[in-house]
Each structure stands twice: as structure tokens, then as C-alpha cells.
Undergrad: 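Take a look at this one; I'll ask things after.
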Number of protein chains: 2
Amino acid sequence: MAGRKIRNMEEFAELSGISRPTVSKYFRDPESVRKSSRMRIEAALEEYDYRPNIFAINQNRKLTKTVGILVPYLADPFFAEIVRMIEWRCIDAGFWPIVFSAHGRQDLENNALATLQSLKPAGALLAPLGRHSDLESVRRFAEEVPTIVFDSNVNVGEAFVGSDNFQSIGLIVDYLCRTGEAPCFFEMQPVNPNANKRREAYTRSMERLGYEPMVVQVEGAGWEFERIGKEGGIRLISEKALPSDTILCSNDRLAIGLIAAAYETGRRVGHGPGCALRIAGHDDHPWARFTCPPLTTVSQDYEAIAEKSADLLFQLIDKGAPPPRREEILCEGKLVLRVSA
Amino acid sequence: MAGRKIRNMEEFAELSGISRPTVSKYFRDPESVRKSSRMRIEAALEEYDYRPNIFAINQNRKLTKTVGILVPYLADPFFAEIVRMIEWRCIDAGFWPIVFSAHGRQDLENNALATLQSLKPAGALLAPLGRHSDLESVRRFAEEVPTIVFDSNVNVGEAFVGSDNFQSIGLIVDYLCRTGEAPCFFEMQPVNPNANKRREAYTRSMERLGYEPMVVQVEGAGWEFERIGKEGGIRLISEKALPSDTILCSNDRLAIGLIAAAYETGRRVGHGPGCALRIAGHDDHPWARFTCPPLTTVSQDYEAIAEKSADLLFQLIDKGAPPPRREEILCEGKLVLRVSA
DNA sequence: CTTTTTTCTTTACGCCCGTAAATTTTATGG
DNA sequence: CCATAAAATTTACGGGCGTAAAGAAAAAAG
């Protein structure tokens with residue numbers, strides 16, 4: 001494939017000895033042409049290294065093979081991981097995934113949606129910012145593009161895939177209450193519906209078990225959750241303002257910050273003797289197993305969320321028609337017992 | 001902008017009362033048309049919400065406004081951060097960044113390069129896999145597309161931007177030797193030139209200071225550095241196989257794993273009294289300040305690397321011609337003293 | 001107000017490919 | 001070997017835009 005330069009499909013078709021429409025058909029679906037033709041085309045491909053012009057292809061296809069993926073913050077390991085898994089599935093299914101990050105900002109989210117829409121994608125997988133989303137924009141987008149929403153349920157799109165916060169929080173509240181002091185709930189200002197649901201789930205679980213819910217909210221905006229958790233944690237610990245020595249964090253990143261705060265203030269974290277604090281998180285972030293001590297948490301089922309949302313989208317694209325009513329698929333979390341609580 | 005649907009530029013031009021070629025000119029550069037025309041177009045834009053078809057635009061332009069960004073592993077916070085910064089600059093400079101991740105695999109890197117090339121980007125910013133790269137593919141790509149290589153110097157492209165490993169490693173080796181036992185060097189099998197340079201820099205620094213270099217390599221492939229560091233660390237610590245109680249890790253992610261290993265085996269980390277190990281890293285990863293204890297490390301200058309590589313690319317795109325010889329820009333690291341060493 | 005310059009409009013062509021219709025070739029089965 | 005079905009070819013058009021050329025209109029300069 002080091003031969004001369006190929007300008008376009010016309011030229012390539014000539015060199016391969018097959019007509020251009022047939023070559024075009026081959027590139028849409030290699031199985032759709034006769035075997036002998038396929039082999040001649042592939043022989044020519046070996047020799048000449050031609051690739052059809054993506055722009056010209058997509059200009060004329062009503063159904064692009066592009067799938068848009070938008071997440072609120074790609075530098076968050078949760079999204080990085082889940083995007084990795086989704087990209088994978090898209091490629092396997094013959095789609096061309098293209099990733100956007102809103103970098104935590106509404107204007108960039110809107111921008112990404114607009115750019116994405118002009119790419120005329122076959123579909124989109126959106127994890128909206130949540131509280132900071134311009135819901136009207138998201139809705140308008142979803143009206144034009146087959147859209148599955150994941151992670152952050154903003155009641156837009158043909159379906160939602162996410163975690164069952166009531167189940168997962170229930171699980172860990174049960175565990176914590178059964179094995180020691182009832183937990184307080186450590187959160188920052190909620191950025192998306194998950195945070196709210198988790199707080200509510202915590203409150204309900206506590207009440208169900210006959211405890212008084214205790215919610216502690218720390219100051220801080222933005223996506224530097226660890227810093228917020230650490231700074232807030234240091235203040236709360238040194239002021240002895242924590243209503244319980246068992247702390248359930250709204251997510252693992254806050255928990256990582258809180259563990260750092262405990263270290264800095266000399267409190268030993270864990271469930272053994274001599275430990276001052278028990279700290280638990282939620283999500284099972286990629287880094288949760290490497291904290292000191294390793295973080296007890298509830299896993300989000302990354303694989304399941306990635307798989308279900310992708311499959312649902314492919315289904316939606318194939319069917320053409322949206323489902324009769326908006327589906328909401330909730331994946332269950334699993335208790336991940338480590339040392340911190 | 002809730003008016004009727006606009007099909008194409010023709011229709012939009014008609015509605016705005018300006019001819020299509022002028023509208024086309026406007027979209028390429030709004031300043032290039034007369035003010036009165038610009039205002040009429042913008043008024044129509046307010047009302048009708050039209051966006052030119054990206055595919056049709058790029059098909060006819062020789063110089064696309066796309067900039068490709070390829071990193072080896074986007075779920076690594078170092079790359080996530082630096083991509084975030086680069087994307088930013090591209091958007092500011094009026095380009096359209098598009099991000100690819102090789103997910104640590106050669107076939108996906110090649111795939112991404114091919115896809116990227118068929119997008120006819122104005123330029124590309126590549127952080128190659130390194131040892132696992134198909135250098136011939138990368139080279140062929142760089143011959144066609146103005147390319148800046150960053151992070152991993154594989155001697156391809158018009159320029160390289162990265163860290164000065166000799167400077168940064170020298171800095172931390174000096175510090176560690178001055179304040180306690182001379183460090184051994186903790187690494188895994190090198191995945192890219194940086195890892196090799198760092199080992200070499202360590203060796204030289206040690207010899208310069210009159211110490212015997214001690215390199216410890218742990219088993220493990222792939223991009224789960226923390227796991228590799230932790231598992232290797234546990235083995236080395238429990239077998240008392242570490243040649244020094246001060247350990248300089250090839251990067252922060254390994255160090256995070258090693259700190260977890262020290263915790264698990266009950267060794268206290270830090271430079272104070274009662275500490276069994278001093279552990280230092282390299283990179284100043286976003287998570288390095290949240291380890292327990294916080295990680296002493298050498299920062300890579302993320303901002304500088306992102307800025308210089310992006311600026312260099314824009315310059316290259318404007319100039320049209322490559323620089324007389326391949327530039328190599330090395331950014332200096334800064335010592336980041338925390339508690340772990 | 002006239003001349004010069006700038007900018008716009010009109011017209012037209014091309015980019016590279018998808019795709020439809022009509023025709024020809026090739027494969028399949030009896 | 002022929003009839004039929006399947007697949008390929010030829011021909012033709014269109015998509016949405018860039019862009020060039022020529023002439024008209026508007027702005028700037030005198």
C-alpha cells in the first residue's frame with residue numbers, strides 16, 4: 001500500500017477494475033458485493049491505500065455512521081472510563097464515536113451539542129451537566145437526534161440509563177448501620193440529579209432503620225471534588241462539627257478528599273480498633289482501591305451502564321421509531337467492602 | 001431563533017437578503033464582509049438558527065479547521081488534563097479539536113491516525129503510545145499532516161514538546177540525597193521514551209553525586225500503573241527486596257500504587273521520625289496531592305506543554321512550511337515538596 | 001458630482017460521493 | 001444448454017458548499 005496517490009473513488013475504481021457504484025457499495029457494506037468483486041477491491045486496497053472521503057460520504061448519507069458522546073467532564077475518571085467502554089462498543093458496532101466534554105461549563109455543553117448536531121449523527125449518548133445544563137438546548141437537540149441519556153437523568157431523550165441510587169445507597173447505609181455508628185451524609189452542592197437522589201435515598205434509608213438523618217454540606221463549586229472534600233473535611237474535623245464518626249460521602253471523589261483530610265488532621269480511618277473515622281463512598285472509582293486505607297464504597301456498574309446505553313441507542317437507530325414511552329433503566333450497585341469503613 | 005427550518009445556505013441567503021457567496025464568505029470570516037451585510041446576516045441568524053453543513057464545508061476546503069489530538073490513554077489523568085488544556089486553546093484559536101484515544105493499543109492508534117487523516121485536519125497534536133507505536137504509520141501520517149508530537153518523543157513530526165526529564169529527575173534526586181538516604185528507582189517495563197530517559201537521568205544523577213544507582217523493575221504491562229505499583233510494591237516490601245528505604249518512582253501513578261502497598265504492609269510513609277519509607281514520584285498528577293501522605297514529586301508543566309505545543313502547531317499551520325529542522329522544546333519541572341519524601 | 005476603489009451579486013463550475021434506473025453480465029438450477 | 005435470479009455496470013442526477021469571473025452597486029476619495 002505504498003503505491004501512487006489516489007484522488008477519489010473514481011480513480012480507485014478504475015485501478016481496481018470495478019465500477020464506482022459497486023466500490024461505493026463495497027465501502028458501505030463489504031458483504032453486499034459479490035465475492036470476486038470484493039477480492040479485487042481488497043487487492044487494490046492492499047496496493048493503493050485509498051480511503052473514501054469522509055465528508056463526501058456523510059454529506060450524501062441521510063444516516064451517518066457517527067455517534068456523538070457528550071460528558072460533563074472528561075477528566076473525571078468515572079467519565080473517562082465509561083467513555084472508554086462506550087467508544088469500544090460503538091467501534092464494534094461499526095459506528096464512529098466522537099467524544100465531547102463540556103468541561104463543566106454550560107456554554108461549552110451547548111457548543112458541543114450544536115457542533116454535534118451539525119455532524120448529523122446517527123445518534124447520541126449524553127451525560128448532561130445536570131443542574132448547569134441548559135435544558136431547553138438539550139431538549140431541542142434530543143428532538144432532532146436519537147438520544148440516550150446516561151448518568152444524569154434530566155428527563156430528556158428516548159431513554160435513560162443510570163444507577164439505582166436508592167438501591168445502592170440503601171445497601172451501604174444498611175451495612176454501615178449494621179456494623180457501627182449510623183453514618184452522616186457528606187455532600188457538596190449537588191451538581192446533578194444523582195446527588196439529590198443520593199441524599200434523599202440516604203434520608204429514607206436512615207428513617208427506615210429508625211435513625212435521624214444527618215446531612216453535612218460543604219462549600220464549593222466546580223469539578224475539583226477532591227479539593228472540596230479535603231478542605232471541607234479539614235474544617236469539619238478540626239471544628240469537631242461532624243455529627244457522626246461514620247461518614248458516607250456522596251461520591252468517591254469527595255471521599256478521597258475526606259480521607260486526605262483525615263490523614264492531615266491525624267485521624268486514623270478504618271473500621272478496626274484505634275480508628276477514629278469510618279469513611280465510605282459511592283461509585284467505585286478507578287482510584288478507590290488505591291486510597292489509604294482502600295475505600296469502602298458501592299460500585300456503579302460501569303460495564304452495564306455502558307453496554308445498556310449503547311445497545312439501546314443502536315436499537316433505537318435500527319428501529320427508526322422511538323419507544324412508546326421513555327424507558328428508564330437503573331443498574332444496581334454492589335457493595336465493595338474494603339478497609340475504610 | 002425558533003423560526004422555520006432552513007435547508008441550506010441558499011435558503012438562508014434568500015431569507016437574509018444577502019447573496020449566497022457573500023454569506024459563504026461571512027461564515028469563513030465575519031470580518032471579511034461589509035458591516036451592513038454582516039448585521040443583516042446576524043439578524044437572520046438570530047431569527048432562523050442556521051448552521052452551515054460541516055461536511056459540505058470541509059469537502060471543498062483544502063484547509064480544514066479541524067485539529068486532531070491523539071493520546072495513548074485518555075483515562076490517565078495526565079492526558080485527560082492536558083487534552084483539556086489543548087482543546088481549550090484550539091477552540092480559542094478558532095479550530096475544532098477532535099480527540100482520539102488509542103486506549104493503549106497499537107491497532108487503535110493506527111486506526112485513529114487513519115480516521116484522523118481522512119478528516120484532512122489542518123494539523124495534529126500527537127502523544128504516541130511510544131514503545132507500542134507503529135512508528136512507520138506515525139511517520140507516514142506526519143508526512144501528510146502538519147504534526148506536533150508531545151509527551152513521548154519518537155522523532156517524528158515537525159517538533160516535539162515535552163518535559164526535560166534530565167532536569168526534573170536531577171532536581172528530585174538532588175533533593176532526596178540531600179535530605180536522607182539516596183533513592184532507588186522504581187519502575188515498570190518502560191512504555192515510552194520518557195520512562196527510559198528518566199531511568200537514565202536517575203542513573204546519571206546518582207553517579208554525579210557519588211552514589212551507586214539502584215534500579216528496581218516490577219512486572220506488569222498495560223496502563224493500570226497503580227495496580228502494578230501496588231502489587232509489585234507489596235512483594236518487594238514484604239520480601240525486603242528494596243535496596244533503599246527512599247524510593248523514587250518513575251511516575252506518580254506508580255507512586256500512588258506504592259504508597260498503597262506501604263499502607264497495606266504497615267509501613268509508614270514520610271520524611272518525619274517513625275517513617276519507614278520515603279516515596280517520591282514524577283509528574284504531579286491531579287491526584288498526587290490527595291494521597292496519604294500527600295506525594296512529594298516533580299511537576300510536569302502541563303500548562304506550558306499544552307500552550308507550547310498548541311502555539312507551535314498554529315504557527316506551523318499559518319506558515320505552511322515546516323521549520324528548517326525539527327525543534328525539541330523541553331519544559332522544566334518544579335520540585336513539589338509534600339509529605340511523602 | 002465624478003472617479004476610483006471596495007464590496008456585492010449573478011452565474012457557473014467543481015468537489016467526491018450516494019443513489020436510482022436501465023441495461024448488461026454473471027451465477028444458479030434444472 | 002437455457003431460463004431465471006442475482007449482481008454488476010453504465011448513465012445520470014443531486015447534495016451543500018467553495019470559489020472564480022464578470023458585471024453591478026455601494027462606499028470612499030478627489
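Below, read A as the first sequence line, B as the second, and so on, with proteins coming before strands; counting in each chain starts at 1.
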Undergrad: Kindly indicate whether the side chain of A:R20 and the base of D:dT11 share any N or O donor-acceptor pair separated by less than 3.5 Å?
TA: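 Under the 3.5 Å cut-off, the side chain and the base do not form any donor-acceptor pair.
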Undergrad: CD of B:E11 versus C1' of D:dC17: gap in Å, rounded?
TA: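 Going from B:E11 (CD) to D:dC17 (C1'), I get 15 Å.
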Undergrad: Please state how far atom CZ in B:R40 lies from atom C1' in C:dT7, giving the value in whole angstrom units.
TA: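 Rounded to whole Å, this separation is 14 Å.
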Undergrad: To the nearest 0.5 Å, how far apart are CD1 in A:I18 and CZ in A:R40?
TA: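 Here the interatomic distance stands at 4.5 Å.
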Undergrad: Verify whether one side chain among B:E328 and B:N153 offers a donor that lies under 3.5 Å from an acceptor in the other.
TA: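 Per modelled atom types, B:E328 and B:N153 side chains form a pair under 3.5 Å.
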Undergrad: For B:D134 and B:S137, which I'm curious about, is there any donor-acceptor pair between the side chains at under 3.5 Å?
TA: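 Their side chains do contain a donor-acceptor pair, which is all the 3.5 Å distance test asks for.
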Undergrad: Report the residue (B:P21 or A:R34) whose heavy-atom-nearest nucleotide on DNA chain D is the more 5′ of the two.
TA: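 Nearest nucleotide further toward 5': that of A:R34.
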Undergrad: Less than 4.0 angstrom from a charged side-chain N to a carboxylate O is my criterion; do B:E303 and B:R89 meet it?
TA: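 Salt bridge: yes.
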Undergrad: Set out, line by line, the N/O atom pairs under 3.5 Å between protein and nucleotides 14-16 of chain C.
TA:
| residue | atom | partner | partner atom | Å |
| --- | --- | --- | --- | --- |
| C:dG14 | N2 | B:N60 | ND2 | 3.4 |
| C:dC15 | O2 | B:N60 | OD1 | 2.4 |
| C:dC16 | O4' | B:Q59 | NE2 | 3.1 |
| C:dC16 | O2 | B:Q59 | NE2 | 3.1 |

Undergrad: How many Å lie between CG on B:N58 and P on C:dC17, as a whole number?
TA: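 My rounded result for the distance is 15 Å.
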Undergrad: Which pair of non-hydrogen atoms, one from A:H132 and one from A:Q106, has the smallest distance, and what is that distance?
TA: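 Reported closest heavy-atom pair: O-NE2, 2.9 Å.
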Undergrad: Could you give the distance from CD1 (B:I69) to CZ (B:R84), rounded to the nearest 0.5 Å?
TA: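 Output value for this atom pair is 12.5 Å.
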Undergrad: Once you round it to whole Å, what is the distance between P of D:dC17 and OH of B:Y26?
TA: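 In whole Å, D:dC17 P and B:Y26 OH are 15 Å from each other.
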Undergrad: Check whether A:S37 reaches the backbone of A:V33 with its side chain - one donor and one acceptor, N or O, closer than 3.5 Å.
TA: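 Between the backbone of A:V33 and the side chain of A:S37 there is no qualifying donor-acceptor contact (under 3.5 Å).
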Undergrad: Take the protein atom CD1 of A:I57 and the nucleotide atom C1' of D:dG15, then report the distance between them rounded to whole Å.
TA: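 In whole Å, D:dG15 C1' and A:I57 CD1 are 14 Å from each other.
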Undergrad: Does a side-chain N or O from B:S37 land closer than 4.0 Å to OP1 or OP2 of C:dC8, or not?
TA: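 The answer is yes; a side-chain N or O of B:S37 sits under 4.0 Å from OP1 or OP2.
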Undergrad: Does C:dG18 have OP1 or OP2 under 4.0 Å away from a side-chain N or O of A:S24?
TA: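 Looking at the OP1 and OP2 atoms of C:dG18, one of them is under 4.0 Å from a side-chain N or O of A:S24.
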Undergrad: Under 4.0 Å between a side-chain N or O of B:T22 and OP1 or OP2 of C:dT9?
TA: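 Yes.
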Undergrad: C:dT19 C1' sits how many Å from A:K25 NZ, rounded?
TA: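 Atom NZ in A:K25 sits about 11 Å away from atom C1' in C:dT19.
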Undergrad: I need the NZ-C1' distance between B:K35 and C:dT6, as an integer number of Å.
TA: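 It works out to 17 Å between those atoms.
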Undergrad: Closer to the 5' end of DNA chain C via nearest nucleotide, is it A:F27 or B:S32?
TA: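 Its nucleotide being nearer the 5' end, the pick is B:S32.
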Undergrad: In whole angstrom, what separates A:I18's CD1 from D:dT10's P?
TA: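 Going from A:I18 (CD1) to D:dT10 (P), I get 10 Å.
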